[in-house]
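Accompanying notes for the structure given below.
Bear in mind the structure is a predicted one, so any value in this text is a computation, not a measurement.
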Amino acid sequence: MAKKSDLLDVLSEVKTRVQDKLGIVDFPMPQFIIIGSQSVGKSRLIESMAGEQFNFISGTLGSRRPTVLEFRNVETATESKWYILDPATNHWEHYPTQQVMQIVGNSHNSLGMSVSADPIYVRIESNKCVDMQIVDLPGYRSYAADDAGRKLADQIERLNGGFLNDTRNVVLCVEEAGDAANLSSLRRVAEADPQFKRSILIRNKLDKYYGDLDGTNVNKWLEGMGDLPKNLKKFALTLPHWTDGQPPPKRLAELREDMSRQDLNKFAALGTTKGYLDMVGFNNFARYMEKRTEKMFVEAIGPVLAKLRDLDMSMGTREEELRDELEHSDPTQVISTVRACGMSFANCLTHVMEGVIRSDINRVPLDDELRDFHSYHQKLGEADDFPQLPSEDLGSLEDYIEYLRGYIKVPAFEVAINGGAQFTRLMFEVETFLRFSEIGIETKKRDVLQSFGISMGSVTWSDVVVKLLNHDAHLPLQKRVAYVGARVKWFFQQQKDPIVQFMKGLKGSPDEKLYSVLYTKHAKLIEENQTIRKLVFETYDSVVERQLNQFLDLFKSTLKATFSNPWVFLKKTTAKLEDDMGDECLLPSLDDTKARIPKEIQSRTGIERTVAKWLGDVPMEPHKIDEAVDQVQLLVLKVYSHIRSQVCDQVELFCESFFKLPLLRRLEEDMNKIELSAVDMEGYKVRRERLQKDAMANNYGHKEVKDCLRILSNFQLKSMSSSV
């Protein structure tokens with residue numbers, strides 16, 4: 001087994017380089033922290049560990065930041081050596097003892113009436129010190145004379161609380177020996193470590209209480225007279241002390257031995273049992289601490305190596321990612337990179353519309369979808385651009401939602417879906433919305449007469465019906481078509497995040513080889529590069545907006561054409577399916593085709609003959625004008641109803657033809673035309689500079705991790721070989 005001091009040196013170096021210098025807070029490195037109120041002997045305990053007297057010149061306010069003290073026992077040393085860790089070079093710099101005291105004191109005094117979590121590192125090499133490392137925390141203030149003092153005391157409470165709550169830290173709690181029921185620092189420890197699994201109590205100034213002890217109570221007193229938990233590891237000891245204002249009568253290391261021997265002799269004379277006697281004196285405490293330190297650090301080698309390997313892997317991956325992004329952010333390739341990301345995004349929209357089982361972003365049931373849609377447009381102030389409800393008789397959106405759920409029973413109403421499945425459900429909902437359309441105003445007698453012109457015989461009843469339909473009958477449908485367009489537009493706007501998730505989720509999935517390897521890289525660029533994300537999303541939104549306008553224009557033109565000549569639209573289909581499929585498949589002959597065509601042309605005039613009959617029944621005589629008006633009004637309603645049904649039947653076809661398909665087909669083309677503005681170029685420049693800094697920091701950290709991994713692995717191999 002390697003020397004204990006070598007183990008401490010190696011792990012201490014790893015901790016300093018990785019945890020403290022790189023700021024990796026979840027590094028599995030244990031450490032001792034020492035806490036206590038002012039004047040309980042915390043500083044004298046540290047001096048005893050060092051084996052010599054020293055005093056950090058911290059002024060009247062005491063320490064205000066953590067002081068990390070590394071004690072290394074060097075048997076061959078003839079004098080102690082003191083070092084300060086230079087944070088810039090990460091090297092230990094040797095200084096005279098008095099200068100070290102001054103440097104440490106200045107680091108505390110520079111904080112004034114505040115505290116800092118940034119530690120200062122001190123190392124002592126001596127043949128008198130113990131082998132261990134501790135973190136000395138600022139002492140708790142029991143009294144503050146003014147607001148500034150109280151504020152400082154609160155800051156120290158918070159600073160120390162952070163260390164106490166860190167489960168990697170083993171707490172050395174220093175209290176004055178005496179009434180075990182009134183230990184203020186131990187109460188703070190109990191809040192962070194209620195089972196005292198990582199806490200050690202040091203009861204100082206033991207000699208002050210010699211007179212309170214005798215053979216009947218000494219064991220109970222060491223146990224705490226019932227006021228201390230039995231599972232709490234505890235020691236009672238007397239640290240070196242002498243008359244104030246006088247120099248120490250001996251060297252501190254000699255006084256430390258004298259006090260430890262005095263404690264042991266006194267308690268042995270009182271008849272203390274062996275188990276309790278091991279809790280008395282500095283030497284027993286020091287032996288325990290060295291064993292505990294070695295055990296903790298030996299157990300830490302495995303987790304530390306595992307963490308270093310994880311860091312090595314993650315930093316290596318990050319190094320590759322940053323290198324790739326820096327290449328893509330080259331000023332000569334900026335536009336091509338943005339366009340490539342946009343084209344991958346456009347291609348993946350098709351895959352999302354085809355349905356992606358793993359996609360879980362923006363999945364919603366229909367009721368939440370409708371609420372989100374209406375809330376979105378109300379916030380934008382666009383609530384008046386289209387009807388909010390399909391009918392004024394529906395009192396609220398919730399009434400419409402309940403109608404869709406309970407009466408219409410929209411398929412997959414309660415299911416949270418996105419992508420193509422959501423679009424199919426959307427088509428069902430907008431068709432229902434569209435079917436609520438009715439002629440907005442009643443056709444009056446005056447309107448019918450106005451449509452005749454100068455005489456009763458100048459136009460036919462067919463012309464009158466067309467005029468009436470073309471006047472205002474198409475407006476209700478047109479308004480509801482605006483709702484359909486807004487719903488489809490909003491649907492596509494909600495697919496941006498599912499598209500990026502699909503692209504990013506391909507890596508490592510079973511489907512990875514089915515798609516372009518660029519999808520994952522481009523997804524990462526879109527996600528992390530705000531300029532690329534902004535340009536791709538803005539282009540996507542602009543294309544969706546363009547398709548909405550084209551959809552509305554085409555639908556509007558279709559409605560105008562339909563109501564301008566409704567008789568053409570009312571022709572029935574010429575297709576006909578027989579009930580019997582037949583026994584065999586035969587291509588028709590030329591004679592069969594010639595015979596079929598007249599039959600199909602004649603079959604599509606069915607509704608025309610019906611309408612012609614209705615028109616023929618409308619009286620033309622002037623004295624029957626009231627009867628004629630009633631029949632024309634009824635005819636207008638019947639024709640409008642038929643047109644509405646036809647339009648609603650085809651609404652999915654219109655959405656597919658005028659919106660979805662043009663969007664899917666032309667989006668990639670638009671992405672390939674993305675241009676960067678001067679503002680975008682500046683944003684890209686800033687992004688590249690930040691990437692370069694991130695790459696430098698990551699490369700530096702990766703080198704530190706690799707060095708630490710090499711050092712610790714070599715140490716482990718050396719230890720294994722020496723133990724064979």
Side-chain angles (χ1 to χ4, degrees), residues 31-50 53-69 71 100-101 103-122 132-166 169-180 182-193 199-206 208 234-241 244 282 285 289:
Q31 65 182 1
F32 290 101
I33 64 172
I34 183 167
I35 70 163
S37 301
Q38 289 182 314
S39 303
V40 296
K42 194 158 58 80
S43 298
R44 187 54 51 85
L45 176 63
I46 295 172
E47 288 179 339
S48 298
M49 291 177 181
Q53 185 186 6
F54 59 88
N55 179 33
F56 296 139
I57 306 168
S58 306
T60 58
L61 294 176
S63 62
R64 278 145 284 173
R65 69 165 79 237
T67 303
V68 180
L69 295 142
F71 301 118
V100 170
M101 303 302 112
I103 293 172
V104 175
N106 290 342
S107 73
H108 291 286
N109 293 330
S110 65
L111 296 174
M113 294 293 290
S114 63
V115 300
S116 171
D118 297 329
I120 182 168
Y121 293 86
V122 182
M132 64 179 297
Q133 173 183 303
I134 64 170
V135 180
D136 181 24
L137 296 174
Y140 292 108
R141 267 65 168 170
S142 58
Y143 171 76
D146 51 27
D147 290 340
R150 283 188 287 273
K151 183 178 179 182
L152 178 61
D154 291 340
Q155 290 178 353
I156 290 173
E157 286 277 358
R158 288 194 293 271
L159 174 67
N160 292 356
F163 280 86
L164 286 173
N165 289 317
D166 189 337
N169 293 335
V170 176
V171 184
L172 302 181
C173 178
V174 182
E175 296 276 15
E176 183 173 332
D179 186 359
N182 297 306
L183 304 180
S184 60
S185 296
L186 186 63
R187 286 198 296 271
R188 295 181 175 95
V189 173
E191 293 176 2
D193 182 27
S199 302
I200 302 168
L201 174 64
I202 299 104
R203 301 165 75 188
N204 186 25
K205 304 181 182 180
L206 178 58
K208 289 176 61 176
K234 38 196 168 294
F235 290 91
L237 47 84
T238 303
L239 294 173
H241 59 89
D244 290 341
F282 180 85
F285 165 71
M289 289 300 297

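Here the CD1 atom belonging to I202 is positioned 7.5 Å from the CG atom belonging to L237, to the nearest 0.5 angstrom. Going from atom OG of S63 over to atom CD1 of I120 covers 11.5 Å, rounded to the nearest 0.5 Å. Note that CG of N160 and CG of L137 are 4.5 Å apart. Values are rounded to the nearest 0.5 Å. The distance from the OG atom of S37 to the NZ atom of K42 is 9.0 Å, given to the nearest 0.5 Å. Taking OH from Y121 and CG from L69, the interatomic distance works out to 11.5 Å, rounded to the nearest 0.5 Å. Atom CE in M289 sits 8.0 Å away from atom CD1 in I134 (nearest 0.5 Å).
Residues P119 and V135 have side chains not in contact (no heavy-atom distance under 4.5 Å, counting atoms from C-beta outward). For the pair S185 and V174, the minimum side-chain heavy-atom distance is 4.5 Å or more. Counting heavy atoms from C-beta outward, F282 and L45 have side chains that approach closer than 4.5 Å. Side-chain contact between K234 and L186 is absent, with no heavy-atom pair separated by less than 4.5 Å. Within the 4.5 Å cutoff, side-chain heavy atoms of L152 are placed close to those of V115.
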* Hey, mind stepping through Y140 and E157 against side chain to side chain contact (heavy atoms under 4.5 Å, CB included) and telling me if it holds? -> CA-CA 7 Å; Y140 292 108; E157 286 277 358; 3.7 Å; yes

* **Derivation and outcome, side chain to side chain contact (heavy atoms under 4.5 Å, CB included), residues F71 and I46** => CA-CA 10 Å; F71 301 118; I46 295 172; 3.9 Å; yes

* To do: For side chain to side chain contact (heavy atoms under 4.5 Å, CB included), just list the numbers for V189 and L164, CA-CA rounded to whole Å, side-chain angles, deciding distance to a tenth of an Å, and then say yes or no.
  => CA-CA 7 Å; V189 173; L164 286 173; 4.2 Å; yes

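For the pair N204 (side chain) and V40 (backbone), a donor-acceptor distance under 3.5 Å is present. Within the 3.5 Å criterion, the main-chain N or O of S184 finds a donor-acceptor partner in the side chain of E175. At distances below 3.5 Å, not a single donor-acceptor pair connects side-chain atoms of R188 with backbone N or O atoms of G161.
Between E47 and R44 there is a salt bridge, since a side-chain N of the basic residue sits under 4.0 Å from a carboxylate O of the acidic one. Using a cut-off of 4.0 Å between Lys/Arg side-chain N and Asp/Glu carboxylate O, D154 and K151 are scored as not salt-bridged.
The shortest non-hydrogen separation linking F163 to N169 is O-ND2, 3.0 Å. Taking every heavy atom of both residues into account, D118 and R65 meet most closely at O-NH1, 2.7 Å. The minimum heavy-atom distance linking Q155 with M113 is given by the pair OE1-O, 3.8 Å. Here the shortest heavy-atom pairing between H108 and V104 reads CD2-O, 3.1 Å.
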